[in-house]
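None of these values were measured; they are calculated from a predicted model. We number each residue from 1, following the sequence as shown.
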Amino acid sequence: MKATGIVRRIDDLGRVVIPKEIRRTMRIREGEPLEIFTDKDGEVIFKKYSPIGEVGAFTGQFAEAIHKTCDIPVAICDNDTVVAVAGVPKKELLEKPISKTLYETMGKRQSYSAASGVALDVTEGGTGKVSFMSPIVAEGNVIGAVISLQKQSGAVPDEAEKKLISTGAMFLSSQLEV
């Protein structure tokens, strides 16, 4: 755990303000759910809640099924990290932070295609290029994305790939609706 040097008081309603700098750095938006953990040493830990993280094993199997069936490298991410991959070495992408541009593109609630001519990195370190991306929207919020990865630089997705990735995102959305 990293100390920030910031101290906040609890108000009379039991609220604590998380400083703007921390919210911006951690990509915490207004209304976003946080999980609360405690331990025996008296620590209270807030962690961003990821509905996709709740079905982590399922998303891995889902990505693997798409890859094995259609030979398309696939990644599934939440709003912060890549949570499942198939068709590429896991150490390259799995649990790596997604790029800021991918996060912003997901937030537009529209699919992205490499055919648009604008390259989109999967991770902050520039690992993996997006061929096609469809956001996962549950209860009106973007909670992640299903992504097909480029096999070679400059490759563009065909219609079957676009439909498969979009269908995957819609399926995961329906699984995460309450």
Side-chain angles (χ1 to χ4, degrees), residues 27-29 31-35 47-178:
R27 295 180 181 166
I28 299 171
R29 298 183 312 249
E32 190 161 12
L34 298 175
E35 258 183 304
K47 182 179 177 189
K48 288 179 70 173
Y49 174 72
S50 170
I52 293 179
E54 294 292 313
V55 292
F58 177 74
T59 56
Q61 293 169 349
F62 189 77
E64 199 63 44
I66 292 173
H67 171 66
K68 284 183 179 176
T69 305
C70 302
D71 195 33
I72 298 171
V74 177
I76 300 173
C77 67
D78 62 15
N79 287 331
D80 295 307
T81 59
V82 177
V83 297
V85 332
V88 295
K90 294 191 183 329
K91 66 179 180 196
E92 286 181 17
L93 295 173
L94 194 59
E95 298 179 0
K96 300 280 196 282
I98 64 170
S99 69
K100 183 177 180 183
T101 53
L102 176 57
Y103 175 76
E104 291 168 353
T105 304
M106 289 166 39
K108 294 176 185 173
R109 300 170 181 260
Q110 298 173 346
S111 295
Y112 161 87
S113 175
S116 68
V118 179
L120 185 59
D121 292 327
V122 175
T123 67
E124 203 57 62
T127 308
K129 298 286 184 204
V130 176
S131 176
F132 189 78
M133 179 278 300
S134 186
I136 301 168
V137 180
E139 298 179 357
N141 298 311
V142 175
I143 59 169
V146 179
I147 304 163
S148 63
L149 305 167
Q150 289 183 352
K151 292 182 183 179
Q152 60 209 27
S153 183
V156 295
D158 60 18
E159 284 305 309
E161 181 177 330
K162 291 177 184 180
K163 287 181 180 181
L164 182 62
I165 297 302
S166 296
T167 302
M170 285 191 297
F171 177 74
L172 288 174
S173 294
S174 69
Q175 295 301 303
L176 296 166
E177 292 283 339
V178 191

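- Remark: Ile76 CD1 to Ile136 CD1 distance equals 6.0 Å, nearest 0.5 Å.
- Expressed to the nearest 0.5 Å, how far NZ of Lys163 lies from CZ of Phe132 amounts to 11.0 Å.
- Minimum interatomic distance between Gly144 and Asn79 (heavy atoms only, all atoms of both residues): N-OD1, 3.8 Å.
- Between Asn141 and Arg109 the shortest heavy-atom distance is CA-NH2, 4.0 Å.
- Using the six-membered ring where Trp is involved, Phe171 and Phe62 have ring planes that are parallel, under 30° apart on the 30 and 60° scheme.
- Residues Ser148 and Pro73 form no side-chain contact, since every pair of their non-hydrogen atoms from C-beta on lies 4.5 Å or further apart.
- Val122 and Leu102 get closest at one heavy-atom pair: O-CD2, 3.5 Å.
- Side-chain contact between Ser131 and Glu161 is present, with at least one heavy-atom pair separated by less than 4.5 Å.
- Between Pro135 and Met106, the closest heavy-atom pair is CB-O, 4.1 Å.
- From Glu64, atom CD reaches atom OG1 of Thr69 across 9.5 Å, with rounding to the nearest 0.5 Å.
- The shortest side-chain heavy-atom distance between Glu92 and Val85 does not fall under the 4.5 Å cut-off.
- Note: Ile147 CD1 to Tyr112 OH = 11.0 Å, rounded to the nearest 0.5 Å.
- Remark: side-chain polar atoms of Thr127 are not paired, donor with acceptor, to backbone N or O of Leu93 under 3.5 angstrom.
- Of the possible polar contacts, one joining the Ser99 side chain to the Asp121 backbone as a donor-acceptor pair under 3.5 Å is found.
- For the atom pair Asp158 CG and Ile72 CD1, the distance stands at 7.0 Å (nearest 0.5 Å).
- Side-chain atoms of Thr101 do not come within 3.5 Å of backbone N or O of Leu120 as any donor-acceptor pair.
- Atoms SG and CD1, from Cys77 and Ile143 in turn, are 10.5 Å apart once rounded to the nearest 0.5 Å.
- Taking each heavy atom of Pro157 and Ala115 in turn, the nearest pair found is CD-N, 4.2 Å.
- Within 6.0 Å of atom NZ in Lys68, 12 or fewer heavy atoms from other residues, nucleotides or ligands are found, so the atom counts as exposed in its surroundings.
- Proximity of a side-chain donor or acceptor of Lys96 to a complementary backbone N or O of Lys91 within less than 3.5 Å is detected.
- The minimum heavy-atom distance between Ala63 and Ala84, with the atom names listed, is CB-CB, 4.5 Å.
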